[in-house]
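Since the structure is predicted, the reported quantities are computational estimates derived from the model, not experimental observations. Position 1 is the first residue of the sequence; numbering continues from there.
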Amino acid sequence: DGNLWIGAYGGLTKYRDGAFTQYTKENGFPHNEVSAITQTADGDLWIGTAHGLTRRRGESFTDYWVEDGLPHSDVRVLHQSRDGRLWIGTRVGLGSYMDGKFTNHAEFPGIQVRSIYEDADGTIWFGTYGGVSRYDGKSFVSFTSSQGLANNHVWSITEDKTGNLWFGTDGGGVSRYDGKSFLSFTTSQGLANNTVLSITEDKSGNLWFGTDGGGVSRYDGKSF
């Protein structure tokens, strides 16, 4: 609708036409620690906070808690997949929302979901504090450092134009997965810092890695 929504540790802010509107606990918003925001295809805005999940429809807010089906009240990341399901990553476990119903995925093997990514094939990847998990629409498969992942704390995920998956970790650098095996890169290869919080690919095929304290690295396929 042309609004810019900003989540912070001071509440939710809407920016439009040069003016800011604040939503905080003081004026009825459920919690001031906002960690995730996404808009679903039906136009609803979903806001993940440290104290539950909130949906904004029109000008009204509706709050959802563990009692409504969330696995945990501390929501960390949100993503709507192509089939219309809203995935809800929390500090403890994974939930989803589809057709008016919440599902707590008790079979999910990871904890503390930090990132969710849908690849070109429609497979959903979850970066957690227990490795990375893949969901093919039927079941979850997990990968950890035992399979070659750089570190079991996965902060960020992206797919490059050749179909490789990249996983940014907390202290282990970044891992590239070609569907068969992992290859990891660290400061030894020129990465700015071994904690990688965000990854994106530009239109020229360069990969950019935002790190914790080391600045940003650009990878052209040969060097950082």
Side-chain angles (χ1 to χ4, degrees), residues 35-41 46 48 76-89 94 96 98 105 108-110 112-186 189-212 214-224:
S35 51
I37 306 173
T38 195
Q39 188 175 36
T40 47
W46 293 83
R76 299 294 176 90
V77 60
L78 298 167
H79 172 79
Q80 187 179 38
S81 51
R82 296 171 202 166
D83 62 1
R85 184 176 297 275
L86 177 67
W87 293 95
I88 307 158
L94 177 71
S96 67
M98 184 84 167
H105 296 273
F108 182 68
Q112 194 164 158
V113 182
R114 303 300 312 198
S115 53
I116 305 175
Y117 186 85
E118 186 171 9
D119 69 20
D121 296 328
T123 300
I124 313 294
W125 297 83
F126 303 91
T128 79
Y129 268 26
V132 63
S133 293
R134 181 182 68 196
Y135 181 69
D136 62 4
K138 298 179 180 179
S139 60
F140 296 94
V141 176
S142 292
F143 302 91
T144 67
S145 56
S146 300
Q147 286 80 42
L149 186 65
N151 186 287
N152 287 336
H153 290 186
V154 178
W155 278 89
S156 51
I157 307 172
T158 201
E159 183 179 23
D160 66 27
K161 62 181 181 180
T162 62
N164 295 313
L165 273 296
W166 292 81
F167 304 103
T169 74
D170 184 6
V174 63
S175 288
R176 182 179 68 195
Y177 181 65
D178 62 5
K180 297 179 180 179
S181 61
F182 293 91
L183 178 64
S184 295
F185 303 88
T186 67
Q189 286 77 44
L191 186 65
N193 186 283
N194 285 335
T195 295
V196 179
L197 304 177
S198 58
I199 313 171
T200 192
E201 184 180 38
D202 66 25
K203 62 182 180 180
S204 299
N206 297 304
L207 285 162
W208 295 80
F209 303 92
T211 75
D212 182 13
V216 62
S217 289
R218 183 185 64 193
Y219 181 68
D220 61 7
K222 297 179 181 179
S223 61
F224 293 90

Measure the acute angle between the ring planes of Tyr129 and His153, then classify it against the limits of 30° and 60° as parallel, tilted or perpendicular.
parallel
With under 30° as parallel and over 60° as perpendicular, where do the rings of Tyr177 and Phe167 fit, or are they tilted in between?
tilted
Of all heavy-atom pairs between [X] and [Y], which one has the smallest distance, and what is that distance?
{"X": "Ala36", "Y": "Val77", "value": "CB-CA, 3.8 Å"}
{"X": "Phe182", "Y": "Ser175", "value": "CD2-CB, 4.1 Å"}
{"X": "Arg82", "Y": "Asp119", "value": "NH2-O, 2.6 Å"}
{"X": "Phe224", "Y": "Gly190", "value": "CB-O, 3.4 Å"}

How long is the gap from [atom1] on [X] to [atom2] on [Y], to the nearest 0.5 Å?
{"X": "Asp202", "Y": "Lys161", "atom1": "CG", "atom2": "NZ", "value": "8.5 Å"}
{"X": "Thr186", "Y": "Asn151", "atom1": "OG1", "atom2": "CG", "value": "12.0 Å"}
{"X": "Thr162", "Y": "Glu201", "atom1": "OG1", "atom2": "CD", "value": "7.5 Å"}
{"X": "Ser96", "Y": "Ile88", "atom1": "OG", "atom2": "CD1", "value": "6.5 Å"}
{"X": "Asp83", "Y": "Glu118", "atom1": "CG", "atom2": "CD", "value": "7.0 Å"}
{"X": "Ile116", "Y": "Leu94", "atom1": "CD1", "atom2": "CG", "value": "6.5 Å"}

With ring centroids as reference points, do Tyr117 and Trp166 lie under 6.0 angstrom apart?
no
With side chains defined as the heavy atoms from C-beta onward, is the minimum distance between Thr211 and Val216 less than 4.5 Å?
no
Beyond-backbone contact of Leu165 with Glu159, side-chain heavy atoms, under 4.5 angstrom
yes
Is it true that a side-chain atom of [X] and a backbone atom of [Y] form a donor plus acceptor pair closer than 3.5 Å?
{"X": "Ser142", "Y": "Gly131", "answer": "no"}
{"X": "Gln80", "Y": "Thr38", "answer": "no"}
{"X": "Asn152", "Y": "Thr144", "answer": "no"}
{"X": "Asn193", "Y": "Asp212", "answer": "yes"}

Just by distance, with hydrogens left out, do [X] and [Y] show a side-chain donor and acceptor under 3.5 Å apart?
{"X": "Asp136", "Y": "Thr123", "value": "no"}
{"X": "Ser204", "Y": "Asn206", "value": "no"}
{"X": "Trp155", "Y": "Thr195", "value": "no"}

With sequence neighbours left out, the residues meeting salt bridge (Lys or Arg N to Asp or Glu O under 4.0 Å) with Arg76 are Asp74
Hey, mind stepping through His79 and Trp125 against ring pair (Phe, Tyr, Trp, His ring centres under 6.0 Å) and telling me if it holds?
CA-CA 11 Å; His79 172 79; Trp125 297 83; over 10 Å; no
